[in-house]
Amino acid sequence: MHFDLVYEEIGEFGPFQKYIVLVGPLTSFYAGLLFVSTFFTLAIPDHRYGRKRTLVISSIFYFVAALSIAWTPGFIVYLIQTFCVGFFSVGNFMPVYVLCMEFVGPSYRRIAGLIGGFHWLFGNLALGALGYGIRDWVTLQIVTASPGILFQLWWWFFPESPRWLFMQGRLAESEAIIRKAARWNKTSLPDGFFLKVFQTTPEPNQAQIWHLFRNRTLGLRTLIVFFNWFAVCLAYYGLTLNSGDLGGDLYVNFFLTTLMDLPASLACILLLERTGRKPLLVGGMITGGVGCLSTVFTIIYGGKDPEYETATRILALIGKFGASVGFTMAYMYSGEFFPTVVRNAGMGSSSCMARVGGILAPYIADLDRLVGGSFGHALPQIVFGALSLTAGILALYLPETRGRKLPETIEQGIKFGSEEIEYSPKEAIVNQAFDGQEENTKL
């Protein structure tokens, strides 16, 4: 759609200019994501504003930026607006994910962490259907941006994270939210419940993201998480962008690579409590890496043979499946790995690393423009596969988070995973505040 703006400003352009115009908006969008991930991590730490306020403020500007693109006066302004959409989008989905993870106990983290994957899938499929039916890009932009007005309902209907309020010493507000949740769930709180829950009144915590690196073990684990985000985002979006170079019909390839998110999300739901978070993260990254690297043989030795092109597409879809599983598990694992005092900042930093991968993805996907021959055609798959495989192997060093209490402080984050426990779903959800009662609860 932005080609119309370029023609109006500079007229006809050559292959190189066309390439820049193609990747420019995507690069601008991911540059916005990268910038805001760094901004929220360093300039707006968790202890200052919380999850809800960050979400509401970001959603307002996100809606305005996305809708205003429909009336953009030129290509340069279009790039700036795309940057703004990326900038404000992180403040939408990252706090929502953290809120979901902090509102539930261990037995429900699977649903809270994975439901977003289906929203992403259905959103992409809906966008494709809308794009097929609405050929005017201005109308399409208005239609896709308008639902953003519904985000403003968060301010009136959704509460702040009680975990975050507790860590700030705002116990009365945290207690009010928990009591409201109990009434909603038709659960009766026993006498003395909050005396046990709030046994130790915390001081307002001033932890920052760099406190994760004061301890060698925690710092190394954090770097491994960051690298997994970088590698999986690079492979995930790179494989989608590279779908046109796999042989066959471009639109069919794009549809199939997008659809791979569905079995990936279903696999995570079915296996998450059976295998744990770490095996799925490791398995997804390694599967994605092996799938991408395997296409090298069919591309180099198969050429344009239809049978080899089919094999290439199948292997690439396996790679996309692994990347989808890895991306889903990167979100869930990080939400449980980072301590509450820096969870939003930790997720923001992880997102920052992912956006570096997103910025590089279109350039890696088009490496065949710089390196000729069959090897150049296979080079993007080699890069995606090698980085995914390396990230999966490094993730073996990370601790399992399944069934464990979320770390609240940096000190708990350092000790997280060091104790040897035998996982039991029943034991994982027991609430000690209900000791002495006839029946326990999952509240």
Side-chain angles (χ1 to χ4, degrees), residues 40 44-59 91 94-109 111-113 153-209 211 332 334-348 401 403-413 415-416 428-437 439-443:
F40 272 104
I44 307 182
D46 288 24
H47 66 77
R48 186 173 301 173
Y49 295 110
R51 286 73 161 116
K52 179 180 176 179
R53 189 177 301 176
T54 301
L55 169 64
V56 172
I57 294 174
S58 297
S59 67
M94 199 60 72
V96 169
Y97 186 85
V98 173
L99 273 168
C100 290
M101 296 297 290
E102 292 183 346
F103 255 100
V104 300
S107 61
Y108 289 104
R109 287 186 209 150
I111 301 301
L153 298 177
W154 278 88
W155 183 257
W156 289 277
F157 294 103
F158 210 86
E160 179 59 87
S161 166
R163 285 181 181 268
W164 180 83
L165 291 171
F166 171 76
M167 293 307 299
Q168 305 311 306
R170 296 160 61 176
L171 305 186
E173 296 174 69
S174 180
E175 177 179 339
I177 293 172
I178 294 174
R179 289 190 181 278
K180 184 176 181 180
R183 290 194 300 270
W184 180 271
N185 293 330
K186 296 180 174 58
T187 299
S188 298
L189 299 178
D191 295 336
F193 176 82
F194 288 99
L195 293 178
K196 294 183 179 181
V197 174
F198 298 153
Q199 287 181 3
T200 302
T201 303
E203 294 294 331
N205 200 289
Q206 302 297 316
Q208 306 283 1
I209 185 63
H211 292 167
M332 170 157 281
S334 301
E336 297 180 342
F337 169 77
F338 290 115
T340 299
V341 292
V342 290
R343 184 167 294 121
N344 224 25
M347 295 292 287
T401 64
R404 297 180 184 269
K405 179 182 177 182
L406 294 181
E408 305 286 357
T409 64
I410 297 295
E411 290 71 24
Q412 291 177 6
K415 299 177 182 179
F416 189 63
I429 63 175
V430 169
N431 191 324
Q432 299 302 323
F434 283 85
D435 287 346
Q437 303 296 315
E439 186 176 350
N440 215 304
T441 180
K442 299 178 182 179
L443 179 67

Specify the closest pair of heavy atoms between [X] and [Y], including all atoms of both residues, with the distance to one decimal.
X	Y	result
Ser174	Pro162	OG-O, 3.0 Å
Phe337	Pro407	O-CG, 3.6 Å
Gly413	Pro339	CA-CG, 4.0 Å

- Message: List the residues meeting side chain to side chain contact (heavy atoms under 4.5 Å, CB included) with Arg179, not counting sequence neighbours, and say none if there are none.
- Response: Glu175, Arg183, Leu189, Phe194
- Sequence neighbours excluded, which residues qualify as side chain to side chain contact (heavy atoms under 4.5 Å, CB included) partners of Glu173? Leu165, Arg170
- Which residues pass the side-chain hydrogen bond (donor to acceptor under 3.5 Å, both in side chains) test with Ser334, sequence neighbours left out? Trp229
